[in-house]
Number of protein chains: 2
Amino acid sequence: MAPKLARVEPVAELEDSAPVDLASLAGIVGYPIRRAQMAVFEDFGRRFAPLDLTPAQYSTLVAIGDNPGRKQSDIGGALGIQRPNFVAMMDELERRGLAERTRSGADRRAYALALTLAGEALLLRARAAQAEQEAAIDRALGSNERRVLIGMLNRLAKLT
Amino acid sequence: MAPKLARVEPVAELEDSAPVDLASLAGIVGYPIRRAQMAVFEDFGRRFAPLDLTPAQYSTLVAIGDNPGRKQSDIGGALGIQRPNFVAMMDELERRGLAERTRSGADRRAYALALTLAGEALLLRARAAQAEQEAAIDRALGSNERRVLIGMLNRLAKLT
DNA sequence: TATTGTTATACTCTATAACTATA
DNA sequence: TATAGTTATAGAGTATAACAATA
């Protein structure tokens with residue numbers, strides 16, 4: 001397919017309401033994946049506002065909840081968060097009484113991470129809010145399509 | 001499905017190499033869409049390094065090239081870029097001689113945007129680099145699956 | 001009074017270098 | 001010498017308020 005060539009001369013008169021043509025962006029993966037990610041995160045923000053949790057905080061709570069006792073660098077590394085940035089993340093979760101660091105017996109440099117009871121309780125409510133977002137996506141795409149999408153995205157995440 | 005409950009007691013001894021279990025994140029849309037978007041943008045960064053174009057700059061050049069003569073607020077608005085931030089974007093593209101602002105005759109507040117000849121030339125090379133990324137995604141997902149993915153992402157972007 | 005482009009600014013995310021304490 | 005956590009910091013990206021010129 002030949003690339004669409006732009007006209008060199010600006011069009012002098014265009015109706016104000018004429019929509020901007022983004023068709024050549026909508027046809028590649030990179031553009032809609034960015035817009036879709038932003039839309040999903042904005043929807044997340046609205047649903048999680050009562051819980052005061054960002055997507056990164058939610059994923060951290062889930063990772064600790066499913067992997068209690070693991071050290072900071074394991075959890076942060078699995079989530080793709082740089083170690084220095086994950087320190088502030090844990091500081092905040094600990095300040096809010098949702099997670100705690102305890103010195104590892106085996107390696108006294110490391111912290112073993114775990115959720116507090118309050119963290120477990122909040123995570124239960126958060127998982128319910130997350131399930132509602134998935135249900136909304138089900139309604140937008142269809143349940144089977146949502147699962148297909150997740151499979152594609154997980155494969156795409158390994159593009160590197 | 002009952003939510004997976006985390007064990008309260010940290011596990012004392014774990015092999016160093018045991019992978020962190022992120023299964024409950026991989027099963028929802030919000031997490032893999034973020035990881036996939038980052039992977040696609042990292043791949044973009046490598047492919048576009050010789051052209052010195054970010055994804056936002058590329059999408060701006062495409063939008064101007066396909067819609068010459070439109071004003072800043074139309075192009076920036078269609079791309080979801082805040083007006084103050086789009087000023088710096090245009091400053092840089094103009095500084096590099098890729099695009100230009102000319103005062104609109106109809107409305108002397110507005111600038112009509114257009115690519116320069118150098119901008120057209122760079123955009124041709126950029127579209128070729130973009131086509132290579134799509135081909136790489138084709139190889140990772142399959143050509144038909146890539147089109148299905150794009151359709152789902154465009155629908156998801158309207159979730160708001 | 002509203003709109004276009006602009007400036008200034010702030011806040012979040014992310015990335016890197018260098019330190020400390022342990023191993 | 002290497003690793004876990006930390007501090008400080010810098011750079012993107014994104015958001016809002018307020019201004020001048022024009023409608």
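The residue B:Phe86 sits apart from the nucleic acid: no heavy atom pair falls under 4.0 Å. Among the atoms of the strands shown, only primed sugar atoms or phosphate atoms (P, OP1, OP2) are found under 4.0 Å from some heavy atom of B:Arg108. At a threshold of 4.0 angstrom between heavy atoms, the contacts of B:Asn85 include nucleobase atoms, whether or not backbone atoms are also involved.
For B:Arg83 and C:dA2, the CZ to P distance is 15 Å, given to the nearest whole Å. D:dA12 atom C1' lies 11 Å from atom CZ of A:Arg34, rounded to whole Å. Separating the CZ atom of A:Phe41 from the P atom of D:dA15 is a distance of 14 Å, rounded to the nearest angstrom. The CZ atom of A:Arg101 sits 8 Å away from the C1' atom of D:dG5 (whole-angstrom rounding). Here D:dG13 presents its P atom at 8 Å from CD of B:Gln57, a figure rounded to the nearest Å. Taking atom CD of residue B:Glu92 and atom P of nucleotide D:dG13, one finds them 11 Å apart after rounding to whole Å. Between B:Asp52 atom CG and D:dA12 atom C1' the separation is 14 Å, expressed in whole Å. Rounded to a whole Å, the CE atom of B:Met89 is 13 Å from the P atom of D:dA12.
In this structure, B:Met38 and B:Arg103 both approach DNA chain C, and ranking their closest nucleotides by distance from the 5' end singles out B:Arg103. Toward the 5′ end of DNA chain C lies the nearest nucleotide of A:Thr54, the other residue of the pair A:Thr54 and A:Gly105 mapping further downstream. Residues A:Glu42 and A:Met90 each lie close to DNA chain D; by heavy-atom proximity, the contact nearer the 5' end of the strand is made by A:Met90.
With C:dG5, D:dG13, D:dG5 as the choices, the nucleotide that has an atom nearest any side-chain atom of B:Ala110 turns out to be C:dG5. Distance from the side chain of B:Arg109 is smallest for D:dT22 among the nucleotides D:dT22, C:dT6, C:dT16. Out of D:dT6, C:dG5, D:dA17, the shortest distance to the side chain of B:Pro84 is found at D:dA17. Taking only side-chain atoms of A:Asp107, from C-beta outward, the nucleotide of D:dA4, D:dT6, C:dG5 with the closest atom is D:dA4.
A:Gln82 has a side-chain polar atom (N or O) that falls below the 4.0 Å cut-off from OP1 or OP2 of C:dA15. Taking 4.0 angstrom as the limit, A:Ser73 places a side-chain polar atom (N or O) nearer than this to OP1 or OP2 of D:dG5.
The side chain to side chain contact (heavy atoms under 4.5 Å, CB included) with A:Met152 is formed by just one residue from the set A:Leu156, A:Ile150, A:Val148; it is A:Val148. Exactly one residue among A:Arg103, A:Gln72, A:Lys71, A:Arg101 makes a side chain to side chain donor-acceptor pair (under 3.5 Å) with A:Tyr111. That residue is A:Arg103.
Salt bridge status for B:Arg70 with B:Asp107: absent, with no side-chain N to carboxylate O gap under 4.0 Å. The pair B:Arg95-B:Asp91 fails the salt-bridge criterion, with no side-chain N (NZ, NE, NH1 or NH2) lying under 4.0 Å from an Asp/Glu carboxylate O.
Atom CZ of A:Arg83 sits in a sparse spot, with 12 or fewer heavy atoms from other residues, nucleotides or ligands closer than 6.0 Å.
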